[in-house]
Amino acid sequence: MKLSKNFGKTQKETSGDAELISHQLLIKSGLIHQVASGIYSYMPIAWRSLKKIENIVRNEIDKAGGQEIRMPVLQPQEIWDLSGRTEIFGSDLFKLSDRRKRKLVMAPTHEEVLTLMVKTHVNTYKDLPLLIYQIQTKFRDETRPRGGLIRVREFDMKDAYSFDISNEGLDQNYNAMIAAYENIYNRIGLETIKVEADSGAIGGQASHEFMAVSSIGEDTILKCSKCDYAANSEKAEFVRIKQKTISEKILPLEEIHTPEIKTIESLTKNLSLDPDKMIKTLIYLDSNNQPLAAIIRGDLDVNETKLSNLNDGKDLRLATSEELSNLNIPYGFASPIQLKNIKIIVDTSLNFGNNYIIGSNKENFHYKNSNYPRDFSSDIVSDIALAKPQDLCVKCNNKLDLKKGIEVGHVFKLGTKYSEKLGAMYINSENKQIPIIMGCYGIGIGRLLSAVIEQNNDQKGIIFPKSIAPFDAMLSVINTKQENIRKIGEEFYSNLMDCGLDILYDDRDESPGVKFKDSDLLGLPFRIVLSERNLKNQQVEIQERKSGKQELVSFETAIEKIKMKIQL
RNA sequence: CGGGGUGUGGCGCAGCUUGGUAGCGCACUUGCAUGGGGUGCAAGGGGUCGUUGGUUCGAAUCCAAUCACCCCGACCA
């Protein structure tokens with residue numbers, strides 16, 4: 001394509017609105033155009049790259065046995081009511097109604113429609129397994145779109161769904177998709193790590209996320225410094241360390257006067273004891289305002305996702321001090337001891353120490369030498385703690401590191417959650433109706449592009465990996481005003497195109513500086529320079545964007561050389 | 001939703017405190033020069049100052065409401 005004809009221009013300056021490098025580069029290079037918050041148009045050059053990404057994704061999912069279909073964005077709200085996700089998605093779900101006042105939604109994902117399709121078209125175990133996917137525009141009314149294409153409200157996503165008759169079948173599909181995802185990231189030049197994840201609003205038994213490690217990532221990952229264990233912060237587990245001063249002897253409970261000492265921090269100071277000698281009691285309220293007590297060692301923080309999962313996934317929030325006094329719990333002195341009619345969830349950390357300081361439910365008093373389960377009971381003992389860097393890996397006992405990541409793929413084992421709710425059953429060999437076992441697998445196309453740019457750039461601009469570069473190379477012709485050079489350039493361009501190469505031909509009447517800057521900014525894998533200086537010596541310059549390495553080759557062999565380099 | 005910020009030619013910004021009818025850079029048009037790292041000179045075109053209402057003889061500027069966008073948090077396949 002001739003750059004002079006391209007719809008879209010590079011800019012010298014970017015809006016102060018753009019903070020992320022990928023966002024700045026996408027705007028500076030004229031690749032995207034913002035229409036509204038979290039809503040973008042893709043300009044021709046970006047669209048080429050996105051189509052390449054899309055095709056790599058399509059190719060890998062096809063290889064994994066996927067069948068591509070296309071489902072509508074617009075869907076009746078009733079099917080979302082049926083699965084119960086109208087409420088779960090809440091305000092993130094774009095809703096509208098048609099002229100007959102029928103309620104519709106703009107789909108943020110497609111489990112419902114596809115499960116209902118499968119219900120119609122699958123009858124027997126002989127029809128399974130299936131792996132169905134589409135690449136479709138999704139809509140989510142995000143609370144806060146941000147970072148250019150990183151988090152948007154309208155975006156293209158590949159979503160795949162597996163349907164199996166056994167957990168082994170599900171495992172197979174799940175693993176096949178993980179392998180496909182890893183191929184995709186390799187091919188598009190994105191470094192990712194696979195982490196264990198919480199299954200969130202989609203629901204289900206197991207889930208992994210693929211994270212592009214990046215300091216601007218929105219997600220927090222804990223990754224073992226030695227082994228391959230990695231999980232996002234909602235999911236991450238860790239080994240509880242035993243108390244340093246663990247007492248052999250369990251001492252009797254004793255009340256101590258602690259006036260106005262309401263926090264672990266002030267207890268630590270006033271009693272000269274480490275926080276891991278204390279127990280903290282946090283009272284949460286769920287969406288129905290049902291209270292819940294989370295009991296955890298003083299040096300640890302509660303992971304609200306883990307806690308919520310133990311409470312039917314209901315949203316939780318900390319009770320205010322007024323709400324506490326309504327429950328007869330003095331703020332700052334809450335305690336599981338003598339706590340009645342409240343569900344108590346205890347973190348496993350309490351099993352690794354004894355003789356703790358603990359609240360008393362009495363204003364200005366704590367107990368010392370409290371021991372679990374001697375002094376209080378619990379409804380559930382489980383891991384409800386938030387992992388921190390330096391905590392120990394559950395697999396190998398080495399230290400965990402904290403990293404930030406951009407979520408670029410998510411896979412879930414759904415199980416029978418949707419098939420049961422929507423009645424997607426098959427008949428087994430014994431003529432019994434059995435719910436189909438499902439999995440779902442998502443990967444965001446636009447987010448991949450911005451993640452790749454976020455990872456592949458330098459001071460000068462984007463450095464496109466070959467596989468997703470909008471063109472194979474930039475042909476910069478210097479001084480197009482000179483008739484003979486322009487002619488050579490035109491011919492050279494069409495010869496390159498005839499070789500099947502995809503060339504962006506800078507035929508503009510611009511100064512060399514402008515052409516070079518734009519070429520670097522756009523970051524195609526190679527730049528080919530035709531100029532008077534080189535042509536005098538019958539030479540053509542080829543520069544690799546990534547390394548900056550320049551090479552002068554003879555005019556005759558230039559096309560062959562270029563072809564070789566590009567196809568390498 | 002809470003906190004902070006910003007809306008002025010296509011883009012980036014100044015002007016607002018102290019009211020007097022809009023300016024700079026980039027981009028654009030034309031001409032001349034230049035031609036290996038955003039080149040130089042000259043001449044031009046283009047703005048409902050986010051919107052609505054108010055105060056005033058007079059509002060980009062003061063007041064009020066409202067909308068949009070960005071950042072942090074909360075939230076989030």
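What's counted below: heavy atoms across the whole structure, side chains too, no hydrogens, waters or symmetry copies. In what follows, every chain begins at residue 1, and chains take the letters A, B, ... in the order their sequences are listed.
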> So what does A:Arg151 touch, heavy atoms closer than 4.0 Å: a base, only the sugar-phosphate, or nothing?
base
> Taking 4.0 angstrom as the limit, do A:Lys2 and A:Glu490 come out as a salt bridge?
yes
> Give A:Gly147 one of three labels, base, sugar-phosphate or nothing, depending on what nucleic acid heavy atoms sit under 4.0 Å from its own.
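Answer is sugar-phosphate: A:Gly147 comes under 4.0 Å of backbone atoms only.
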> In this structure, how many angstroms lie between the P atom of B:G12 and the CD atom of A:Gln34, rounded?
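Computing the A:Gln34:CD to B:G12:P distance gives 11 Å.
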> Nearest-nucleotide wise, let me know which of A:Arg447 and A:Arg146 is further upstream toward the 5' end of RNA chain B.
A:Arg146
> Separation of A:Ile216 atom CD1 from B:C72 atom C1', in whole Å?
15 Å
> Does the distance from a Lys or Arg side-chain N to an Asp or Glu carboxylate O, for A:Lys235 and A:Glu209, drop under 4.0 Å?
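No, this pair does not count.
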> Considering only atom P, compute the distance from B:C63 to B:C71 and round it to an integer number of Å.
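Result for the P pair: 28 Å, nearest Å.
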> Under 4.0 Å between a side-chain nitrogen and a carboxylate oxygen: does that hold for A:Glu483 and A:Lys487?
no
> CG of A:Leu316 versus P of B:A74: gap in Å, rounded?
16 Å
> If we take the P atom in both B:C70 and B:A65, what is their distance in whole Å?
23 Å
> Please state the C1' separation for the pair B:C32 and B:G50 - nearest whole angstrom.
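The answer is 42 Å between these two C1' atoms.
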> Separation of A:Glu19 atom CD from B:G73 atom P, in whole Å?
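After rounding, the gap between these two atoms is 11 Å.
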> Under 3.5 Å for both donor-acceptor distances, Watson-Crick or wobble: does B:C62 have a partner, and if so which one?
B:G54
> Heavy atoms only, 4.0 Å cut-off, all strands: where does A:Ala18 land among base, sugar-phosphate and nothing?
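Nothing, no nucleic acid heavy atom in range.
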> Find the partner of B:A14: check Watson-Crick (N1-N3 plus N6-O4 or O6-N4) and G-U wobble (N1-O2, O6-N3) distances, both under 3.5 Å, and reply none if neither fits.
none
> For A:Lys417, is there an ion pair with A:Glu111 - N to carboxylate O distance below 4.0 angstrom?
no
> Work out how far the P atom of B:U61 is from that of B:U17, and round it to whole angstrom.
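Looking at atom P only, B:U61 and B:U17 are 9 Å apart.
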> Expressed as a whole number of angstroms, how long is the span from A:Ile39:CD1 to B:C70:C1'?
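Answer to the nearest Å: 15 Å.
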> When the C1' atoms of B:G46 and B:C24 are considered, how many whole Å apart are they?
15 Å
> Between B:C75 atom C1' and A:Asn303 atom CG, what is the distance in whole Å?
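To the nearest whole Å, that distance equals 15 Å.
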> Need the pair for B:U39. Rule: Watson-Crick or G-U wobble, both distances under 3.5 Å, any strand; none if unpaired.
B:A33
> Applying a 3.5 Å limit to both distances, which nucleotide forms a Watson-Crick or G-U wobble pair with B:U6?
B:A68
> Write down the partner of B:C28 under the Watson-Crick or G-U wobble criteria, each distance required to be under 3.5 Å.
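Across any shown strand, B:C28 pairs with B:G44.
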> Could you tell me the separation between the CG atom of A:Leu449 and the CD1 atom of A:Ile468, rounded to the nearest 0.5 Å?
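Answer for the CG-CD1 pair, A:Leu449 versus A:Ile468, is 6.0 Å.
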> Looking at the rings of A:Phe492 and A:Tyr505, which for Trp means the six-membered one, are their centres under 6.0 Å apart?
no
> Assign each of A:Ile443 and A:Ala36 to its nearest nucleotide of RNA chain B by heavy atoms, then name whichever residue's nucleotide is nearer the 5' end.
A:Ala36
> Any base atoms under 4.0 Å from A:Phe155, or only sugar-phosphate, or nothing? Heavy atoms, all strands.
base
> Salt-bridged, A:Lys546 to A:Asp458, with N to O below 4.0 Å?
no
> Does the side chain of A:Arg144 get closer than 4.0 angstrom to OP1 or OP2 of B:C71 through an N or O atom?
yes
> Can you check the distance between B:A74 and B:A14, where both ends of the measurement are the P atom (answer in whole Å)?
31 Å
> Using a cut-off of 4.0 Å on non-hydrogen atoms, how would the nucleic acid contact of A:Thr143 be classed: base, sugar-phosphate, or nothing?
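Touches a base.
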> I want to check a possible cation-pi pair here: A:Arg527 against A:Phe516, using under 6.0 Å from ring centre and within 45° of the ring axis as the test.
yes
> Produce a footprint string for nucleotides 25-38 of chain B: one letter per nucleotide, 5' end first; B if the base is under 4.0 Å from any protein heavy atom, S if only the sugar-phosphate is, - if neither.
BSSS-----BBBBB
> I'd like the P distance from B:G12 over to B:U6, given in whole Å.
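One P to the other, the span is 15 Å.
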> Taking atom types as modelled, find out whether A:Gln75 and A:Trp80 have a side-chain donor-acceptor pair closer than 3.5 angstrom.
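Per modelled atom types, A:Gln75 and A:Trp80 side chains form a pair under 3.5 Å.
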> Between B:C69, B:C71, B:C76, which one does the side chain of A:Glu142 approach most closely?
B:C76
> Give the rounded distance in Å between these two atoms: CD1 of A:Ile150 and P of B:C71.
11 Å
> To the nearest Å, how far apart are A:Glu407 CD and B:C75 P?
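The distance from CD of A:Glu407 to P of B:C75 comes to 15 Å, rounded to the nearest Å.
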> Determine the Euclidean distance between corresponding C1' atoms of B:G23 and B:A64; express it in Å to zero decimal places.
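That atom pair is separated by 29 Å.
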